[in-house]
Amino acid sequence: MRRQRTVKVAIAGVGNCASALVQGVEYYRDRQGDLEGLMRQSIGGYRCGDIEFVAAFDVDRRKVGRPLEEAIFAKPNCTRIFQSALPVSNVIVQMGPVLDGVASHMADYPDEAAFRPVDLEPTDVTAALRASGAEVLLSYLPVGSEEAVKHYARACLDARVAMINCVPVFIASDPYWADEFRAAGVPIIGDDIKSQLGATIIHCALVRLCSDRGIGIDRTYQLNTGGNTDFLNMLERSRVMSKKISKTQSVQSQLNHPLDSRNIHVGPSDYVPWQRDNKVCFIRIEGHGFGGGPIELEMRLSVEDSSNSAGVVIDAIRCVKLALERGEAGPLLGPSAYYMKAPPRQLRDSIALEACNAFVDGRDYQMPDVADQKSGLKRPNLSSDI
Ligand SMILES: NC(=O)c1ccc[n+]([C@@H]2O[C@H](COP(=O)([O-])OP(=O)(O)OC[C@H]3O[C@@H](n4cnc5c(N)ncnc54)[C@H](O)[C@@H]3O)[C@@H](O)[C@H]2O)c1
């Protein structure tokens, strides 16, 4: 049988991440040679240009009803435009169910900075997915959209469409949902996308380096600021709980001994409107080395937030395609551990890369026992921490 050379993708949430992704697929489409900015040029023979967008859902009045290639540039999106010329997709953004997708404080901010839901009947997402021929749905909803993400997850199950959950709502890492995806016969990668070179991956690398070099870590924090709608949304503290759990779990998983929750503070910290899609992260580690000698480390990272995760999603999409071709269902453990902050099996990054490579190559891989990793892989109790 001839292999289908495209991966048909649907998007839920046409925000800044979707914009960077749609632009990126076109940007890399015909480029040859050393493709800087990509983690992998090809996965299972699939290149970036093999990704085809076939459906999109949003709730904002400036996006619903518009072609995808226009909606990605509509306000309040503010990510950098690096590929303005886009082909006609014939994908019209459809009205999704709003549910808990839009935080009420959005109404207190200007149009250009905040979501403006339109008053329309939502589309039947399952029917729309079926009609589009989508093979995988990307969940790009705002943090805290528990009900909305689950609505799209259910639609994926009913339409037999795979899912990549970029949001810190626990689906792939929740045993109930993991079983549902297994039973439906479709794969899922999740939860909460890791950026290519973002705050989490650098924080993880630094604490791992300290642990490998015998440095005792006493305390650490990661403070993040940004000016996009992701950061505006996260001003509502009740929505951020899952994000803090996901990010903290990622850092804790790299330590020999997890820190007491009072000594680790990781999470989005403030909304600074003029930063727009520029995210700035401050990391501090306090520890002690040989003979108890004190060590302090401070680091500042400045990145374009949304394109930083799009490069990772491009790889996750191609892994899902391989799983579909191989008939694999349920959470993809290796890719989830490498690409996501809150995967079903949290692994040290070097091990996650091995597991992900084995998946891509189609090799069997024995997942290490939790004890082998000597790390705290449980969800930390953050109740005192937010
Ligand atoms: N580097 C990164 O940017 C990064 C990294 C990790 C995780 N994430 C997560 O990815 C998600 C998307 O990030 P973003 O920067 O694109 O956010 P965004 O705020 O730019 O976009 C969210 C989009 O979802 C739409 N929306 C709201 N409710 C909806 C619903 N019920 N149905 C359909 N659409 C709905 C909004 O109108 C908006 O277009 C966030 O949860 C974010 O935390 C991003």
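Each ligand, and each atom within it, is numbered from 1 in the order the structure gives.
No donor-acceptor distance shorter than 3.5 angstrom exists from the side chain of Asn224 to the backbone of Cys281, with no hydrogens or angles considered. Under a 3.5 Å cut-off, the side chain of Glu26 and the backbone N or O of Gln83 do not form any donor-acceptor pair.
If you check each of Ala310, Ala103, Gly13, Pro76 against atom 23 (C) of ligand 1, the one with the closest non-hydrogen atom is Gly13. Nearest residue to atom 29 (C) of ligand 1 from Leu21, Val143, Val59, Val240 is Val59 (criterion: closest heavy atom). For the residues Pro97, Gly15, Ala56, Ser19, the heavy atom positioned nearest atom 31 (N) of ligand 1 is part of Pro97.
Taking 4.0 Å as the cut-off, Leu99 does not count as a neighbour of ligand 1 on heavy-atom distance. Not a single heavy atom of Ala12 sits closer than 4.0 Å to an atom of ligand 1. Contact annotation: Ser306 has at least one heavy atom less than 4.0 Å from an atom of ligand 1.
With ligand atoms numbered from 1 in the order given, ligand 1 contributes 38 (C), 39 (O) to contacts under 4.0 Å with heavy atoms of Lys63. Close contacts of ligand 1 with Asp192, meaning ligand atoms under 4.0 Å from a residue heavy atom, involve 6 (C), 7 (C).
Each of Lys321, Arg318, Lys8, Arg160 was compared with Glu135 under the salt bridge (charged side-chain N to carboxylate O under 4.0 Å, His left out) criterion, and only Lys321 meets it.
With a 4.0 Å heavy-atom cut-off, ligand 1 is reached by the backbone of Pro142 and by its side chain too. With a heavy-atom cut-off of 4.0 Å, Asn308 does not touch ligand 1 at all. Contacts between Asp58 and ligand 1 below 4.0 angstrom, taking non-hydrogen atoms only, involve backbone and side chain alike. Neither the backbone nor the side chain of Lys279 has any atom closer than 4.0 Å to an atom of ligand 1 (non-hydrogen atoms only).
Remark: ligand 1 and Lys341 share no N or O pair separated by less than 3.5 Å (distance only, no angle test). For a threshold of 3.5 Å applied to N or O pairs, the pair formed by Ser195 and ligand 1 contains at least one separation below that value.
Ring geometry for Phe181 against Trp177 counts as tilted: the plane angle lies between 30° and 60°, on a 0 to 90° scale.
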